[in-house]
Student: 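My questions will all concern the structure given below.
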Number of protein chains: 2
Amino acid sequence: MATSLRRRTAGQVSGESIVIEAAWMYYHDGLNQTEIAKLLQVSRATVVNYLQEARERGYIRISLAPEVFTSHQLAQDLREKFGLQAAFVLPRGKGTEEEALMRVARGAADWLPSLLAPGDRLGVAWGRTIFEIAEAIEQTNIADVTVSQLVGSMATPYGFTAEICSAHMARNLGATCINLHAPAVLSDPDLAARLRDEPIIRRQLDALSHCNKALFAAGSCDPDSHIVSSGLASRADLDWYVKQGATGVLCGRFIDAEGQAIPGALDDRMIGITLDNLQGLEVGLLVSEGDAKVVPMLSAIAGGCVTHVVTSNETARLMLQAAG
Amino acid sequence: MATSLRRRTAGQVSGESIVIEAAWMYYHDGLNQTEIAKLLQVSRATVVNYLQEARERGYIRISLAPEVFTSHQLAQDLREKFGLQAAFVLPRGKGTEEEALMRVARGAADWLPSLLAPGDRLGVAWGRTIFEIAEAIEQTNIADVTVSQLVGSMATPYGFTAEICSAHMARNLGATCINLHAPAVLSDPDLAARLRDEPIIRRQLDALSHCNKALFAAGSCDPDSHIVSSGLASRADLDWYVKQGATGVLCGRFIDAEGQAIPGALDDRMIGITLDNLQGLEVGLLVSEGDAKVVPMLSAIAGGCVTHVVTSNETARLMLQAAG
DNA sequence: ACCATGTGCTGACAATTGTCAAAATCTATG
DNA sequence: CATAGATTTTGACAATTGTCAGCACATGGT
């Protein structure tokens, strides 16, 4: 006995919910609200409410044709230059970096469902971008999808953790979720090793190596990057890795310009996917935006685990420029 | 290509088509035309043009959620095709037949109260579907409604009888109930005739002919149909009626493809409403679901006593298909 | 029986969006 | 480089859509 039963029933029009009736007339038949109000014998204001409800309930789906963006000249250039399967390049707009990031995240959220198929096992990394994507994904239902958390959790000052990223993503995809119940980095390599051998963690890590698709962002090696501010690496760690040639961060691992993981002290203390497990996936979706991400993105792509990219036109232009 | 090259290029935003920029801002970012005009430094009217172009070129996709869409479309088609007052087509879902039936029954239960008005006299048939509807109806109170049992009772192996159907229906509707205190079918025509003349039964049958609305399901002529398994007709009876052209069962009476009652030996032995009394009611609500019910439903509709239908999208589709 | 509360509906007004003819701009050509 | 012809942009106005406070009615609790 939902609220709808108290609602008026559309007279001779239909037995279906009057909300759907109104939505149909408006979006399908192209009638305007005044006409609909007359037909349904309610006030126009009520029609407005019905339409709003229809939108809120997700009866109405408005989407921008992805082909338009993926086939943009820049997207095409990215594909050819970097050997990608597809690229989604969307207008940066001229808002703040914050706004640009949100836009890219929403674009990725729009695109992601069409990259997934029933039975997929999707690995999800962590970060501000990933979090926003998880939030922006519309409720969709693809049969039998599993979402796995690619890296351990961190207590962040931002209020979103790796667990929340994967959990929200799973919820919105109607997928089952495999979390990684461990910190991303421990203070002692030995403890990390023992933790990795715990049966629970073992199984979760095993699940990671069976992912066939992955979603990640590129991290920069700036002193104010997430990798430091989240406490995953210390400032000293960062400096050391940069001295070894680090140009970016991927799933918590430092990589050089060739996209190769840089071995270092952190490796043994971390719990999460290793970069060799990201190789050869059906889909490796890299989502990032901003000047600072250009070099890290290029590094990640050089490493060979990226098949799809979502970014802004400005960043895309810089990437192409930097790559000559 | 000619047109777009002359177009202004979005300031620092992009070398890409300004049309897409505008469409993105409008449909994705939710900005209004005034804001977009300011950002793109064009007049608002121009933004209107861009958006129109985006729609014309198919960049924007507006659709009703598929389930809702098909449901509603089918309902509309049913109405037009069969001249119904209204149809309620709900998603069948992908459960078992059992679940689909429950769903349809649930839908009918939700809908029925809105089809009733104070003072109505509702005739209720019998069957698994009707039973579930009676159970699923939420307690509602419509003034001065009377529920009448349309056919006599049978001892069934299912545990629900015609009496229970109407009694539950009446209870949940807050209506008074007129049961038919007689078996649905007797072994001897003479005994049936005498029973029909009994004052008590007489009054109850009279009440039936004063119903202004009715609720019934369509029965199939399959050997394993309810009409046989409930003992209302023997297997031999069924075969005989099928040979006479029976394509369905309505309120215990066999009908042909035109919806006409087929005269036969059973008629004289039955206690219950005759089909001519179902003609011209304000509401004749037919509720059925399943492949086996398609032909019976079409027959019932052809007979002219059906004004409203509740069914699943799959069944509706088959009905329309079968009707050409 | 009464009142408090919640929910849906409505009318009047505010904001947004669509239309159209005229002006501005571009392209091609003599 | 002037001009016709086509296309794009624009401002003013018209139409449509959104908002919100208040009303009507049903429900649940005292």
Side-chain angles (χ1 to χ4, degrees), chain A residues 1-11 13-14 16-57 59-60 62 64, chain B residues 1-11 13-57 59-60 62 64 110-114 116-118 137-145 172-175:
Chain A
M1 164 78 85
T3 59
S4 63
L5 282 189
R6 265 210 303 289
R7 279 246 173 77
R8 274 189 201 167
T9 304
V13 183
S14 156
E16 192 47 87
S17 159
I18 195 168
V19 172
I20 293 173
E21 185 74 26
W24 180 269
M25 289 176 170
Y26 191 76
Y27 288 103
H28 190 267
D29 297 340
L31 306 183
N32 66 33
Q33 297 175 352
T34 310
E35 295 173 295
I36 295 170
K38 203 182 302 173
L39 286 170
L40 297 183
Q41 302 186 301
V42 296
S43 72
R44 197 185 55 73
T46 301
V47 175
V48 174
N49 292 334
Y50 290 164
L51 293 176
Q52 235 159 27
E53 184 171 340
R55 285 186 290 258
E56 275 161 17
R57 288 211 222 164
Y59 292 172
I60 317 299
I62 298 182
L64 299 184
Chain B
M1 179 63 78
T3 61
S4 63
L5 282 187
R6 259 209 309 286
R7 274 254 172 73
R8 269 191 206 167
T9 302
V13 180
S14 154
E16 198 45 81
S17 166
I18 195 172
V19 173
I20 292 174
E21 180 77 19
W24 183 272
M25 288 177 169
Y26 190 75
Y27 288 103
H28 205 272
D29 296 342
L31 305 183
N32 66 33
Q33 297 177 352
T34 311
E35 295 173 296
I36 295 171
K38 205 183 301 173
L39 287 169
L40 297 182
Q41 304 186 303
V42 296
S43 74
R44 197 186 55 73
T46 301
V47 174
V48 174
N49 292 333
Y50 291 165
L51 293 178
Q52 239 161 24
E53 185 169 342
R55 284 187 289 259
E56 276 161 17
R57 289 207 212 169
Y59 293 173
I60 317 299
I62 299 182
L64 298 185
D110 284 349
W111 196 23
L112 182 57
S114 68
L116 296 177
I137 279 193
E138 298 273 353
Q139 183 75 35
T140 52
N141 238 306
I142 303 164
D144 193 27
V145 170
N172 285 335
L173 288 173

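Labels below follow one simple rule: chain letters A, B, ... track the order of the sequence lines, proteins then strands, and each chain is numbered from 1. Computation of the quantities below employed the complete heavy-atom set of this structure, encompassing side-chain atoms and omitting hydrogens, waters and symmetry-equivalent molecules. As the structure is a computational prediction, the values presented were derived from the model and not from experiment.
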Student: With a cut-off of less than 4.0 Å, is there a side-chain N or O of S43(B) near OP1 or OP2 of dT10(D)?
Tutor: yes
Student: Give a yes/no answer on whether the side chain of Y50(A) brings an N or O atom under 4.0 Å of OP1 or OP2 in dC9(C).
Tutor: yes
Student: Could you check how far CD of Q41(B) sits from C1' of dT10(D), rounded to whole Å?
Tutor: 15 Å
Student: With sequence neighbours left out, write down each residue that passes side chain to side chain contact (heavy atoms under 4.5 Å, CB included) with Y27(B), or none if nothing qualifies.
Tutor: I62(A), L64(A), L51(B), R55(B), I60(B)
Student: If the sugar-phosphate is the primed atoms plus P, OP1 and OP2 and the base is the rest, what is the B/S/- string for nucleotides 16-23 of chain C, using protein heavy atoms under 4.0 Å?
Tutor: SBBB----
Student: Just how far is it from atom OH of Y59(A) to atom CD of E53(A), taken to the nearest 0.5 Å?
Tutor: 7.0 Å
Student: May I have all residue pairs that pass salt bridge (charged side-chain N to carboxylate O under 4.0 Å, His left out) and include part of residues 33-46 of chain A, sequence neighbours excluded?
Tutor: none
Student: Testing I20(A), L31(A), V47(A) one by one against M25(A) for a side-chain contact (heavy atoms from CB on, under 4.5 Å), which residue passes?
Tutor: L31(A)
Student: Rounded to the nearest 0.5 Å, what separation is found between the CD atom of E21(B) and the CG atom of D29(B)?
Tutor: 8.5 Å
